[in-house]
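Only one structure is covered here, and it is reproduced in the block below.
Because only heavy atoms are used, hydrogens play no part in the values below, and waters and symmetry mates are left out as well, while side chains stay in. These numbers were taken from a predicted model, which means no experiment stands behind them.
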Amino acid sequence: MTLPPTVTPRAFERLAEIGASSQGKALRVAVEGGGCSGFQYEIALDDATDDDLKLEASGETVVIDSVSLPFLASAVIDFTEELIGARFVIQNPNATSSCGCGTSFSM
């Protein structure tokens, strides 16, 4: 059984802080070919479409398109703040390796 990705409360809190829903936007998490490891994550505020998986909490929404969904099965979408900056991160159990910046991976 394939489980959908989950979104941490911290990620939803960050979306609320930046006012995503008040702008009518959702956080889109997508997987595209490219990057130094074969696939790369694309994370951006975007409009939701009818065929997106919608993950909602605290009035905020994260959307994933149907093509990206198999690559993100059981993944965790989080937000982190470190000395080098703040960003949304993906903890993906399907990735066999990833680059140092965490934005590209291989399966």
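- Note on Leu15: it does not cluster hydrophobically with Val89, by side-chain heavy-atom contacts below 4.5 Å among ILVMFWY residues.
- Every ring-ring contact (aromatic ring centres under 6.0 Å, His included) that Phe88 has, sequence neighbours left out, goes to Phe79.
- Under the 4.5 Å side-chain contact rule for hydrophobic residues, Ile64 and Phe12 share a cluster.
- When side chains are defined from C-beta on, Val76 does not count as touching Pro93, because their heavy atoms never get closer than 4.5 Å.
- Not a single donor-acceptor pair under 3.5 Å links the side chain of Arg10 to the backbone N or O of Thr80.
- Glu60 and Ala16 make their closest contact through OE2-CA, 3.3 Å (heavy atoms, listed as atom of the first residue, atom of the second, distance).
- Hydrophobic cluster membership is shared by Leu45 and Ile43, with clusters built from Ile, Leu, Val, Met, Phe, Trp and Tyr side chains linked at under 4.5 angstrom.
- Annotation for Ile77 and Ala11: closest pair O-CB, 3.9 Å, computed over non-hydrogen atoms.
- With Ser21 contributing its side chain and Gly24 its backbone, the two residues share no donor-acceptor pair below 3.5 Å.
- Salt-bridge annotation for Lys25 and Asp47: present, with a side-chain N of the basic residue lying under 4.0 Å from a carboxylate O of the acidic one.
- In this structure, the side-chain hydrogen bond (donor to acceptor under 3.5 Å, both in side chains) partners of Asp65, at least two apart in sequence or on a different chain, are Ser68.
- Between Val63 and Thr61, the shortest heavy-atom distance links the atoms CG1-CG2, 3.8 Å.
- Counting all heavy atoms, side chain and backbone alike, Thr49 lies closest to Asp51 at OG1-OD1, 2.8 Å.
- Not counting sequence neighbours, the partners of Glu17 by the side-chain hydrogen bond (donor to acceptor under 3.5 Å, both in side chains) test are Arg14.
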Audit row: Tyr41, Leu72, side chain to side chain contact (heavy atoms under 4.5 Å, CB included) steps and yes/no
CA-CA 10 Å; Tyr41 299 114; Leu72 295 167; 3.7 Å; yes
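- Here Arg28 pairs with Asp52 in a salt bridge; the nearest charged N to carboxylate O distance falls below 4.0 Å.
- Within a 6.0 Å sphere centred on CD of Glu82, heavy atoms belonging to other residues, nucleotides or ligands number more than 12.
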Worked check of side chain to side chain contact (heavy atoms under 4.5 Å, CB included) between Gln40 and Val31
CA-CA 6 Å; Gln40 62 187 5; Val31 174; over 6 Å; no
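- Looking only at side-chain heavy atoms (C-beta outward), Leu53 and Pro4 come within less than 4.5 Å of each other.
- Placement of Leu55 and Ile18 within a single hydrophobic cluster is found when ILVMFWY residues are connected by side-chain heavy-atom separations under 4.5 Å, directly or transitively.
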